[in-house]
There are 2 protein chains.
Amino acid sequence: MDIANDELLKLDNEVGFALYACSKGLIRKYNPILERLGLTYTSYLVMLALWEQDGVSVSELGKKLYLDSGTLTPLLKKMEKQGLVLRRRDEADERVVLIALTQKGRELKARTERTVSSLNSTLQLIRESSLFNDLKRLLGELYEI
Amino acid sequence: MDIANDELLKLDNEVGFALYACSKGLIRKYNPILERLGLTYTSYLVMLALWEQDGVSVSELGKKLYLDSGTLTPLLKKMEKQGLVLRRRDEADERVVLIALTQKGRELKARTERTVSSLNSTLQLIRESSLFNDLKRLLGELYEI
DNA sequence: TACGATTCTATTGTACACAATTTTTTTGGT
DNA sequence: ACCAAAAAAATTGTGTACAATAGAATCGTA
């Protein structure tokens, strides 16, 4: 029941490619909408994590978001400049940097809910179905329309 | 049957986040293995496309891979330096740059098949199942082990 | 058949990602 | 209490991504 050797290296057979392309396509949909909030897709994810739980360390944030300090440190500094978060050393452990929302950061949640709801309703559809074919269908929708 | 407004902005509900994280996790698995072939994940995708069809334009390649000239132009120049591809203007239409495999590029296919087969067999499992839960399960596998 | 519109590649600018390394601080064992 | 090992964040270096723009070539049509 093996796929022929020659078929193995076909782009269409690549589950990874489907994931990669869907992910990029989705981010490309999000970014122009998030721009109205002063967010990028990555900073949007950081805000989502912080709205759920505030005052967490950089490494806890990284574990939630699958991002390392090389990505988070400069991003969080930028978000601090925007006035969305505060960065301060943990007094109990000076190695740790704790990230807290500012008032402005907390207030952004309601606007974000309203702004992103149109995209969310599109994505609502994806939460059931069979993986690979649906990813490919999504792929078409994301790039063709 | 709506999800409460507050639930809409939960990270766990984000289909996009699952796609984004799975995609990154997969690329992180591929890259160290592809490194032995002198490829990155992106140049691997370019090679996949060219092994299927050689002598295509930059824009045709971009359509297949969902990449634009801003990504492809510098990447293809690097791959030309590596001796994997040739870039030449189309004589019939000087706007077009045609990308062709070199002998070295064609010969890389067999080695790549052998090198990537272990990953492919892992991914084989994903081609059926239901989307969102399976993405989350994959996510765990990619990052926990 | 000029010439404005379109097509195609290249360039510029901004924003990630992550591996590898470094720096600072804490911890655990003697 | 000392000190090697571990942990946390920051830094460095490389490699994408893509929007916006530029510049050259081609096309369509008045």
Side-chain angles (χ1 to χ4, degrees), chain A residues 16-17 20-36 38-46 56-63 65-82 85 87-99 142-143, chain B residues 16-17 19-35 38-46 56-63 65-82 85 87-99 142-143:
Chain A
F17 176 65
Y20 159 85
C22 281
S23 169
K24 283 194 310 169
L26 208 54
I27 292 171
R28 220 178 54 153
K29 288 266 187 214
Y30 267 96
N31 269 332
I33 288 169
L34 293 172
E35 198 178 18
R36 302 203 287 262
L39 296 175
T40 62
Y41 187 71
T42 317
S43 61
Y44 167 66
L45 292 180
V46 170
V56 296
S57 69
V58 173
S59 63
E60 285 169 328
L61 215 45
K63 248 170 246 164
L65 300 173
Y66 304 101
L67 293 171
D68 73 4
S69 66
T71 303
L72 283 174
T73 296
L75 179 61
L76 291 168
K77 283 181 179 175
K78 208 178 300 177
M79 293 173 74
E80 188 179 39
K81 264 188 198 160
Q82 286 183 275
V85 304
R87 298 164 63 250
R88 65 170 206 285
R89 291 276 162 190
D90 185 348
E91 286 175 23
D93 183 344
E94 292 281 350
R95 291 171 303 180
V96 175
V97 170
L98 296 175
I99 309 298
L142 288 169
Y143 281 93
Chain B
F17 176 65
L19 282 167
Y20 160 82
C22 281
S23 168
K24 284 194 309 169
L26 208 54
I27 292 171
R28 221 177 52 152
K29 288 265 188 214
Y30 267 95
N31 267 333
I33 289 169
L34 293 172
E35 198 178 19
L39 296 174
T40 62
Y41 188 70
T42 316
S43 61
Y44 167 66
L45 293 180
V46 170
V56 295
S57 70
V58 173
S59 63
E60 284 169 328
L61 216 43
K63 247 170 249 164
L65 300 173
Y66 304 102
L67 293 171
D68 74 2
S69 67
T71 302
L72 282 176
T73 296
L75 179 61
L76 291 168
K77 283 181 179 175
K78 209 178 300 178
M79 293 173 74
E80 187 179 37
K81 263 188 199 160
Q82 288 183 275
V85 302
R87 299 164 64 249
R88 65 169 205 286
R89 291 276 162 189
D90 185 348
E91 285 175 24
D93 184 343
E94 291 282 349
R95 293 171 302 181
V96 175
V97 170
L98 296 174
I99 309 298
L142 289 171
Y143 281 93

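Convention: sequence-line order gives letters A, B, ...; per-chain numbering from 1.
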Selected nucleotide, minimal atom distance to T73(B) side chain, candidates dA10(C), dT26(C), dA25(D)
dA10(C)

Can you find a donor-acceptor N/O pair under 3.5 angstrom joining the side chain of R95(A) to the base of dT24(C)?
no

For atom CZ of R89(B) and atom C1' of dA24(D), their distance in whole Å:
8 Å

More than 12 heavy atoms from other groups under 6.0 Å of CZ on R87(A):
yes

Nucleotide nearest V96(B) (side chain, heavy atoms from C-beta), chosen from dA17(D), dT9(C), dC16(C):
dT9(C)

Mind checking if S69(A) touches a base, just sugar-phosphate, or nothing, with heavy atoms under 4.0 Å?
base

note: R28(B), atom CZ; dT16(D), atom P; distance rounded to Å ~ 17 Å

Please tell me if K77(B) has a side-chain N or O lying less than 4.0 Å from either OP1 or OP2 of dT11(C).
yes

Counting the atoms with a prime plus P, OP1 and OP2 as sugar-phosphate, which does L75(A) contact under 4.0 Å by heavy atoms, base, sugar-phosphate, or nothing?
sugar-phosphate

Can you tell me which nucleotide in dA10(C), dA10(D), dA17(D) comes closest to the side chain of R87(A)?
dA10(D)

Aromatic contact, Y20(B) with Y41(A) (centres under 6.0 Å):
yes

Mapping E94(A) and V58(B) onto DNA chain C by nearest heavy atom, which one lands closer to the 5' end?
V58(B)

May I ask you to say what L67(A) touches in the nucleic acid, namely base, sugar-phosphate or nothing, with a heavy-atom cut-off under 4.0 Å?
sugar-phosphate

Within this structure, what is the CD1-to-C1' distance between I27(A) and dC16(C), rounded to whole angstrom?
9 Å

Among dT11(C), dA8(D), dT9(C), the one nearest S59(A) by side-chain distance
dA8(D)

Reckon D93(B) touches a base, only the sugar-phosphate, or nothing at all at heavy-atom distances under 4.0 Å?
sugar-phosphate

Contact class for T71(B) vs. all strands (heavy atom < 4.0 Å): base, sugar-phosphate, or nothing?
base

